[in-house]
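First up is the structure itself, then whatever we jot down about it.
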There are 2 protein chains.
Amino acid sequence: MAIEIPIQMRQAVQRNSSRCAATNIRKASRAISQFYDHALEPSGLKSTQFTMLVAVACHAPIALTLLAERMVMDRTTLTRDLQRLEEQGLLEISPGTDRRSRIIELTKAGQTALLAAVPLRAKAQAHIVEHIGEERLSSLLEIIEEVVVAVKSD
Amino acid sequence: MAIEIPIQMRQAVQRNSSRCAATNIRKASRAISQFYDHALEPSGLKSTQFTMLVAVACHAPIALTLLAERMVMDRTTLTRDLQRLEEQGLLEISPGTDRRSRIIELTKAGQTALLAAVPLRAKAQAHIVEHIGEERLSSLLEIIEEVVVAVKSD
DNA sequence: AGAAAATATGTGTAAATACACCTATGGCAA
DNA sequence: TTGCCATAGGTGTATTTACACATATTTTCT
């Protein structure tokens, strides 16, 4: 059964939580991901997939676990994300010399898709820079990196 | 078939994309969500659920679509997130006077869970503040709010 | 009043995410 | 050499997320 929340309690909860880093960063993550998804639509890539292809392009050939660490992402998440990209023919997953490991590389189609998406991403980013300026974008990137370090130093 | 990425192309892609707002904010979102999830574990709430209960506590009684707008979240996402919280007895979803709409309110159990979680969240946040300082947290919150506005003004 | 438009929500489907648990392989020490 | 433990990865399951499409009401206009 629903209850009425006393006004003092509302205010107390709000004071304590309105500056919640997790809440606000997740909110921004949703909004920005949607924005970039729409911007990347002509390329057929979602923003998450674009991010993945960039990471692979920069590090390939790289093993799965190492790539997961670089992306601050759970290894098992990466397994399935990469599977989808492999199904789409954008990258290749092959066993390494150590037969336990999987080596991730771009295919030609993956490289083509990535190069097509790069200017679309740049345009989306330019829209944000127009609104907030390079300075503040730099500050943002700098601070969130510090936050990532902070939450991992635990 | 995998291809080798020329070093110049790697560098070009990396230059263009390493400052990608979407990539970096999603990365931070993953890291921070995990950190808060662990911190909230004793309360039985995940950070997403905590966020939801806070929003409901602050706005209840509120209709679903309006709550979705406040949270910058897709309406249909909220439908299922709220369903789970309802199943757990933490909130109540009832039809409003307009029989199309659903009104969301906290239950007593929801209020109890929320109050138990508030100090856990505060402790998690304190850990971050210790590392980056109040100043930079304020900057972060300010800038991401600007980014949210920027991507919605389209 | 009746039809059309607007509003509020739900469902099917799929991607991104992570945790607990399981398998396969490699390295090292007794 | 064999047996143990560490390392690399995959699977089952569940949550968070959103889009396309469908349904139920309400409002508005003629």
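To find a chain, count down the sequence lines: A is the first, B the second, and so on, and within it residues start at 1.
- The CG atom of B:L64 sits 16 Å away from the C1' atom of D:dT25 (whole-angstrom rounding).
- What separates CG of A:D74 from P of D:dT15 is a distance of 17 Å, to the nearest Å.
- Contact between the side-chain N/O atoms of B:T79 and the OP1/OP2 oxygens of C:dG10 is found at a separation under 4.0 Å.
- In this structure, the CE atom of B:M73 is 13 Å from the P atom of D:dC19, given to the nearest Å.
- Across all strands, B:T48 comes closer than 4.0 Å only to sugar-phosphate atoms, never to a base (heavy-atom distances).
- Between the side chain of B:Q125 and the backbone N or O of A:A21, at least one donor-acceptor pair lies under 3.5 Å.
- Looking at which nucleotide of DNA chain D each of A:R102 and B:T77 is closest to, the 5′-most match is held by A:R102.
- Taking atom NZ on A:K46 and atom C1' on C:dA14, their separation rounds to 8 Å, with Å as the unit.
- Residue contacts for A:T65: at a heavy-atom cut-off of 4.0 Å it reaches the sugar-phosphate backbone alone, with no base atom in range.
- Using a 4.0 Å cut-off between charged side-chain N and carboxylate O, A:E69 and A:R75 make no salt bridge.
- With salt bridges taken as basic N to acidic carboxylate O contacts below 4.0 Å, one links B:R136 and A:E142.
- Summarising the geometry, the separation between CG on B:L85 and C1' on D:dT17 is reported as 15 Å, rounded to the nearest angstrom.
- Backbone-only contact: B:D98 has heavy atoms under 4.0 Å from sugar-phosphate atoms and none from a base.
- Between A:K27 and B:E145 there is a salt bridge, with a side-chain nitrogen of the basic residue lying less than 4.0 Å from a carboxylate oxygen of the acidic one.
- Distances shown here put a side-chain N or O of A:R30 below 4.0 Å from the OP1 or OP2 atom of D:dT17.
- Between A:T76 and D:dT11, a side-chain N or O to OP1/OP2 separation shorter than 4.0 Å is absent.
- Residue contacts shown for B:R84 include a base, since a base heavy atom lies under 4.0 Å away.
- Counting non-hydrogen atoms under 4.0 angstrom, A:R75 reaches a base of the nucleic acid.
- Note on A:Q34: a side-chain N or O is less than 4.0 Å away from OP1 or OP2 of D:dA18.
- A donor-acceptor contact under 3.5 Å is formed by the side chain of A:R100 with the base of D:dT7.
- For a distance-only test at 3.5 Å, the side chain of B:R80 qualifies as a donor-acceptor partner of the base of C:dG12.
- B:I104 has its CD1 atom 13 Å from the C1' atom of C:dG10, to the nearest Å.
- Here A:I32 contributes atom CD1 and B:S29 contributes atom OG; the two are 10.0 Å apart, rounded to the nearest 0.5 Å.
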